[in-house]
Protein chains: 2
Amino acid sequence: MAHSLDTVFAALADPTRRRILGMLLEDDMAVTDVAEPFEMSLAAISKHLTVLTAAGLISQEKRGRVKWCRLEPDALRDASVWMQGFGQFEPVNLDAFERFLESELPGGEKGPSE
Amino acid sequence: MAHSLDTVFAALADPTRRRILGMLLEDDMAVTDVAEPFEMSLAAISKHLTVLTAAGLISQEKRGRVKWCRLEPDALRDASVWMQGFGQFEPVNLDAFERFLESELPGGEKGPSE
DNA sequence: CCTATCGTCAACCGATAGGTTGAATATGGA
DNA sequence: TCCATATTCAACCTATCGGTTGACGATAGG
């Protein structure tokens with residue numbers, strides 16, 4: 001384990017990558033489908049997915065010609081532990097979390113996957 | 001509030017900056033004292049402190065000719081909430097946190113401030 | 001077999017990150 | 001007043017980041 005905090009935090013620093021993680025929270029997705037809502041090339045998304053994989057935040061499995069991306073939330077645990085060391089933050093507040101997810105969407109659009 | 005997740009995570013992605021935060025956990029410090037244990041110029045540390053300040057992770061107050069740096073752990077709350085949205089991580093485990101702090105020190109040395 | 005689709009690779013680009021050095025700007029103290 | 005200390009500024013350098021485009025390999029399907 002122990003994908004370094006360096007790579008985990010660096011991966012999380014990019015809004016595109018955070019948005020991808022949010023999308024994968026709903027479901028596993030193929031690379032092409034991950035890319036669809038973004039106004040950027042498939043190659044760029046492919047690179048982002050590589051970064052997320054390197055950080056351990058997602059895993060990718062190729063079935064046929066489709067590569068499926070799965071969220072690996074456990075990779076966040078180390079980083080979470082590190083952050084918690086700086087203070088007791090209020091217990092998990094999913095409403096606040098959802099506000100974040102929405103505030104990071106571009107157009108005001110909501111649904112990422114269809 | 002709402003220093004962006006971009007800036008907070010980007011600030012946390014650098015090991016020097018995480019180590020500085022760990023040092024400030026023990027006590028407020030002057031810039032020069034923050035810089036002392038690092039093998040890097042004072043100007044470089046000053047830049048790191050600027051990044052941490054911009055992210056809201058620390059505050060700096062000038063008293064006399066000395067600029068004091070104080071940890072602002074609240075800035076981590078938003079990021080923490082975001083991460084918690086991906087999973088319920090085990091309740092605050094300070095032992096694990098201390099292992100991180102130590103594993104990020106360079107030589108095996110422990111005490112940062114004296 | 002031929003072709004369309006899925007995804008990556010390679011080369012390139014501009015912008016930013018993280019470091020250096022040397023000069024500049026306070027401020028404190030003798 | 002003069003000097004040392006504390007910190008930042010400005011210019012510079014190199015490496016990496018995030019994006020592009022076009023070619024490529026692999027697989028699915030008619």
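Naming convention: chains lettered A, B, ... in sequence-line order (proteins, then strands); numbering from 1 in each chain.
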Please answer: with hydrophobic residues joined when any side-chain heavy atoms are less than 4.5 Å apart, are W68(B) and F38(B) in the same cluster? no
Here the distance between atom C1' of dG18(D) and atom CZ of R17(A), to the nearest Å, is 8 Å
Is there a donor and acceptor pair, one atom on the side chain of K47(A) and one on the base of dG19(D), closer than 3.5 Å? yes
Going by heavy atoms in the side chains, are L57(A) and V51(A) under 4.5 Å from each other? no
Scanning all shown strands, the Watson-Crick or wobble mate of dG30(D) with both distances under 3.5 Å is dC1(C)
Just the rounded figure in Å: distance from P of dG18(D) to CE of M40(A). 10 Å
Just how far, in rounded Å, is C1' of dG19(D) from CG of L49(A)? 15 Å
Between W68(B) (CH2) and dT27(C) (C1'), how many Å, whole number? 15 Å
If you assign each of S46(B) and R65(B) to its closest nucleotide in DNA chain D, which residue comes earlier from the 5' end? R65(B)
How close or far is atom C1' of dG7(C) from atom CD1 of I20(A), stated in whole angstroms? 14 Å
Sub-4.5 Å side-chain heavy-atom contact between R70(B) and M29(B): no
Choosing from dG7(C), dT7(D), dT20(D), which nucleotide comes nearest the side chain of V66(B)? dT7(D)
Short side-chain N/O contact from S41(A) to OP1 or OP2 of dG19(D), under 4.0 Å: no
To the nearest 0.5 Å, tell me how far L25(B) CG sits from M23(B) CE. 11.5 Å
Spacing of I45(A) atom CD1 relative to dT20(D) atom P, expressed in whole Å: 9 Å
Please figure out whether T16(A) or V31(B) has its closest DNA chain D nucleotide nearer the 5' end. V31(B)
Which nucleotide, dA6(D), dG18(D), dG7(C), lies nearest any side-chain atom of H48(A)? dG18(D)
For A43(B) and Q60(A), find the nucleotide of DNA chain C closest to each by heavy atoms; which residue's nucleotide sits nearer the 5' end? Q60(A)
To the nearest angstrom, the CD-P distance between E61(A) and dC6(C) comes to 18 Å
Contact under 4.0 Å: K67(B) side-chain N or O vs dT8(D) OP1/OP2: yes
Whole angstrom value for the distance that separates P of dT20(D) from CZ of F38(A): 12 Å
All heavy atoms of Q60(B) vs all of C69(B), minimum pair found to be NE2-SG, 3.7 Å
